[in-house]
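Below is one structure, written out as structure tokens; comments come after it.
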2 protein chains.
Amino acid sequence: MSKLSKRQEIIQQAASLFRKRGYSSTSVRDIAREIGMEASSLYNHIRSKQEILNELMLNVAHSFSNGMQSIKEAPLNPLQKLERLVSLHVNITINEPDAVALIPNEWIHLETQGIQDFLSLRDQYEKDFKQILQDCLDQGFIKPVNIELASFSILSTLRWLYSWYSKNQNVNVIELEEEMKKCLIQGLAK
Amino acid sequence: MSKLSKRQEIIQQAASLFRKRGYSSTSVRDIAREIGMEASSLYNHIRSKQEILNELMLNVAHSFSNGMQSIKEAPLNPLQKLERLVSLHVNITINEPDAVALIPNEWIHLETQGIQDFLSLRDQYEKDFKQILQDCLDQGFIKPVNIELASFSILSTLRWLYSWYSKNQNVNVIELEEEMKKCLIQGLAK
DNA sequence: GACTAAAACTAACACTTGTTAGTTACATAT
DNA sequence: ATATGTAACTAACAAGTGTTAGTTTTAGTC
């Protein structure tokens, strides 16, 4: 029986509310009410509302970065790496759907340091992603295609996966991964 | 020299701010400052902040619905209709990028009537989209593929097109359309 | 120049926001 | 039982929110 620390409970509840209503429309009183305490009591566990968002966004961003790092270093051909990237997205999305749901938009509410770190991780991730796709092209694994647009397209789908998953939670994870790979990569493959 | 009505100027500026900071983090005073008047003066032109969001979101939603209606009725085969849908998204995105950028997330801030209308338009649109993809499959225009996932994937890319466009505004529209079609449809085509 | 309607202004409202200060309850170790 | 540190509480703050009322300015018509 895993007992979350109060801090973690707060952060998780906040994630759920941020997802539903957005960071800005969620007050610390909303978060406190959900947990069953007064707003001011939250401050025994967190430093600020902003800190919650920061922790959420940077944790999930690091999950993606670390996953990318592993995949880059793995002894696989680029097409296999691409498939691994799909798995990475599916897994992180299923494990922390609320935090993942914040990625596309809520980063705008991060403040100076946090926003810098987040965007720098995101940019590096996209760069790595494109490189792997480019390697696929160079080594003849996929048809000639505009790399910019293709990577944009695949990443768009993967980023929105959380919304699809929230409507189809019954789906088998392995199956989902396979279908995603078929859908996103097979169309490109030679 | 097209002179926008004050009301339209307000709504356009609001769209730009809503996009940058989100509906909730944009105050009516922010909007007023951008236009160069006092917050209270806005109310000579609009009924409420909510009305602005409502008009923005439902206008753009109707643009998509109307476009879909035309395409459905056009004397084309389903694959051609799919291509037309890509054009539709590219064109609306380029014409009103700010309003389009609000679609994925800001609808959560619509209120009772508006949110109902918006979601009903969106659901119908997705249903029509899937049907056209299904027709492609039934008539043998595309490879066998999970329709749910394929339409989700294509729509994800088209929904996020605005963010890609904001970074690549120099691109030729016709070229963009062609590349999108190649990227999204050609992978599926038999 | 006087009249009128539209659209700007100032001032204020009731309410919500994130956060802090100060205090009390509670659990654990001695 | 006593002491101690953690975590809850109440109360309040300064700032910001959308919106309204009432007034003045502006622009066009007779």
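Source: prediction; values computed, not measured. Every chain is numbered from 1, with letters handed out A, B, ... down the list of sequences.
No hydrogens or angles considered: nothing links the side chains of B:Ser41 and B:Asn44 as a donor-acceptor pair under 3.5 Å.
Look at CE on A:Met37: it is 11 Å from C1' on D:dC9, rounded to the nearest Å. Whole-Å rounding puts the A:Glu9 CD to D:dA7 C1' distance at 13 Å. Rounded to a whole Å, the NZ atom of A:Lys6 is 13 Å from the C1' atom of D:dC9. Distance, A:Glu38 CD to C:dT19 C1': 14 Å, rounded to whole Å. Look at OH on A:Tyr43: it is 9 Å from C1' on C:dT20, rounded to the nearest Å. Nucleotide C:dA6 holds its C1' atom 15 Å from the CG atom of B:Leu42, rounded to whole Å. Remark: P of D:dT17 and NE2 of B:His109 are 15 Å apart, rounded to the nearest angstrom. Rounded to whole Å, the distance from CZ on A:Arg29 to P on D:dA12 is 14 Å.
Judged by distance alone, the side chain of B:Gln50 and the main-chain N or O of B:His109 form a donor-acceptor pair under 3.5 Å.
Aromatic ring pairs are classed by plane angle as parallel below 30°, tilted from 30° to 60° and perpendicular above 60°; the pair B:Tyr23 and B:Phe18 is perpendicular.
Remark: A:Arg84 CZ is loosely packed, at most 12 non-hydrogen atoms of other residues, nucleotides or ligands lying under 6.0 Å away.
None of B:Ile10, B:Ile46, B:Leu42 except one satisfies the side-chain contact (heavy atoms from CB on, under 4.5 Å) rule with B:Val28; the exception is B:Leu42.
Of the side-chain N and O atoms in A:Ser27, one or more sit less than 4.0 angstrom from OP1 or OP2 of C:dT17. Side-chain nitrogen and oxygen atoms of B:His45 include none within less than 4.0 Å of the OP1 or OP2 phosphate oxygen of C:dA6. Within the structure, a side-chain polar atom (N or O) of A:Ser41 is placed less than 4.0 Å from OP1 or OP2 of D:dC9.
The base of C:dA6 has none of its N or O atoms less than 3.5 Å from a complementary donor or acceptor on the side chain of B:Asn44. You won't find any donor-acceptor pair under 3.5 Å spanning the side chain of A:Ser48 and the base of C:dT19, going by distance alone.
Residue A:Ser25 is out of contact with every strand shown, counting any heavy-atom pair closer than 4.0 Å.
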